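Everything on this sheet refers to the single structure shown next.
Every heavy atom of this structure was used, including side-chain atoms; hydrogens, water molecules and symmetry mates were not. Order of listing sets the numbers, starting from 1, for every ligand and every atom in it. Nothing here was measured: the structure is a model prediction, and the numbers come from that model.
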Amino acid sequence: MKPITILAAVAFLKVTLASPLVARATCTNIEGIYRNDCGTIGVSESTCSSGGCCWNPSTDGSPWCYYPDPISFSRPTPPDQDAITSWASSQYTYSLSAMMNNLSPAGSKTGCVVAAQSQTNPQYYYHWSRDGALTMYAITLQYINAIKSGDVTLQSTYATLVKNWISFEYGLQSITNPTVSITGNMQDNVGEPKFNIDGTAYTGSWGRPQNDGPGLRTRTIVKFLRAYVPNTGDTSYASSLYNMISRDMSYVVRHYADVCTSGTPCVDLWEERSDSHFYTDMSQRRGLKEGAYYMNTWGSNSTLASQYLSVASALEPRVDAHWMDSLSYYKEMLDVSDRNSPDAAIILSSIQSRDETDPFVSPSSDKMLSSAYRYATQFRGHFQINKDRMAYAPAVGRYLEDVYNGGDGVNNNGAGAWLLAINAVAELHYVAAAEFKIAGQASVTAINQPIFAYYGVNATPGSVLTGSQLSTLITNIFGEGDSYLDTLQYHMGSEQDMTEQFNPVTGYRQGAKHLTWSYASFITAIEARNTFLAL
Ligand code: NOJ
Ligand code: NOJ
């Protein structure tokens, strides 16, 4: 409990004024989740509550009086937009080149995407299905940009890179691997998460299968084809991918409802737990939607398309089941009690699953905005680097209970902030701002009302924001994205190389060097930012 100060008195006033907007759920007590202490307002339940704060003594009986969220946090002041644009432009160029440096590196089979340059402490010199698909999505965006700018040389460069990756992945579909030993079905080899760089199976022990791979792969391939075929007229290339896509999608159809026990484990994107995963469900659903588009457009198989769409629909209630009304966020896993904090995986799934024509759980949806707020703000007091910079957007990590320090053998302060998570939060805000702008309105619900208030717009559930209120909302949500890039820039310092993490205490780089996904996530975030600015 901190001594009462002028600041606490000011905060008291602020909370008192804002309290009519505090939703019931904002006083939830979740063990282990960071809360902003209310100061000496908390000596007893009555003084705490009368100060507009939440009273939930900790399990050891000590009083715990904390600010209700989200009202109690003021937004960081967004940085100068042009300053971010200028820094980001140079960082983008560097990121693209460093990312491409990790495609088909020396000693690998063409099309391989190494997860990082790091070959010891940690050994990340492997091809991961997930990292590869997300990286090639960022390359696909380069291909699309080259079409827009009419640069045929670049179009050919990027198309070749994507096709090489597709061939590499197709090769992997023909070999057996340890996932096959688990399920006993050779067709299930597409659930394997990690491969040697020469295109052979990685046979060491690992968390497998990881069921996000097939959906992520299909999403990237179809994104590419949607641009490539109209640009080149080459429908035969698209048709030639039928076996590849149907194998991935059949895997999803077979496994989306797995119970995730020993015979059919379902390991998460963080490669740690077998459970029912929000991220996996969302990536499967997006893959199925894209797979259905493929089957209707180039695969000449409307029966399969219908099957994929019906499984995609069946995934929706499964995704919805992760929403925790009392917590006001989506939980990544359902069946665990020791991992309750909102997880970066939620943010990643929303930005990676969105589609202009399919708003399901998209960044501007009330539940996702609420989840993003709760996920990001929980890091405000979690790392020393954030305690030192409370006026700024926090550097965010995977989830609060994380202990993985990136395995570099040097940094011993535990799990740090993840660059790809900071990028993802920025991207989510850019996309949300764009969605509201395109919609031309925003519906206020009980769920997003406190979030809108955080963005400076006080409104009643049931009302619809337009005009200046909508503009304020959009400007401030976009500004929030920039605040996260500002934090990224701060910790990047004058260097441009991207590792996996920032040390939680010193803020210096830790974990795998030149992590491909860190670069890819920066690129997609900037693309989302540019898309908004061009609206
Ligand atoms: C390596 C995994 O890739 C990472 O996600 C995980 O946290 C650690 N292993 C746990 O040791
Ligand atoms: C560990 C991360 O948890 C996982 O998501 C990733 O695929 C691997 N590292 C490789 O980058």
Checklist entry - Are any of the N/O atoms in R398 less than 3.5 Å from those in ligand 2? => result yes
Checklist entry - In terms of ring plane angle, is the pair Y294 and Y242 parallel, tilted or perpendicular, where the classes change at 30° and 60°? => result tilted
Checklist entry - Is the distance between the ring centroids of Y237 and Y228 under 6.0 Å? => result yes
Checklist entry - Considering only the protein, which heavy-atom contact is closest to atom 5 (O) of ligand 1, and what is its distance? => result W270 O, 2.7 Å
Next on the checklist: Can you confirm whether the side chains of Q123 and S118 place a donor and an acceptor under 3.5 Å from each other?
Outcome noted: no
Checklist entry - What protein heavy atom sits nearest atom 9 (N) of ligand 2, and how far off is it? => result Y124 OH, 3.4 Å
Checklist entry - Taking only heavy atoms of L269, which atoms of ligand 2 are found under 4.0 Å from at least one of them? => result 3 (O), 4 (C), 5 (O)
Item to check | Closest protein heavy atom to atom 11 (O) of ligand 1, given as residue, atom name and distance to 0.1 Å | outcome: Y404 CD1, 4.1 Å
Item to check | Aromatic plane relationship, Y404 with W418 - under 30° parallel, 30 to 60° tilted, over 60° perpendicular | outcome: tilted
Next on the checklist: Can you confirm if the aromatic rings of F522 and W87 lie within a centre distance of less than 6.0 Å?
Outcome noted: yes
Checklist entry - Is ligand 2 under 4.0 Å from a heavy atom in the side chain of W517, in the backbone, in both, or in neither? => result side chain
Checklist entry - Nearest to atom 6 (C) of ligand 2 by heavy atom, L420, V114, D131, L348: which? => result D131
Checklist entry - Are Y330 and F278 an aromatic pair by the rule of ring centers under 6.0 Å? => result yes
Checklist entry - Less than 3.5 Å between some nitrogen or oxygen of A115 and one of ligand 2, yes or no? => result no
Checklist entry - For ligand 1, is there an N or O atom under 3.5 Å from any N or O atom of E272? => result yes
Checklist entry - Is the F478 ring parallel, tilted or perpendicular to the F532 ring (thresholds 30°, 60°)? => result parallel
Next on the checklist: Parallel, tilted or perpendicular: which one describes the rings of H429 and Y484, with boundaries at 30° and 60°?
Outcome noted: parallel
Next on the checklist: Suppose I only count heavy atoms of E271 and a 4.0 Å limit; which atoms of ligand 2 are within that range?
Outcome noted: 1 (C), 4 (C), 8 (C)
Checklist entry - How does W128 reach ligand 2, if at all, at less than 4.0 Å between non-hydrogen atoms: by side chain, backbone, both, or neither? => result side chain
Checklist outcome for this item: min-distance protein heavy atom vs atom 2 (C) of ligand 2 -> W418 CH2, 3.9 Å
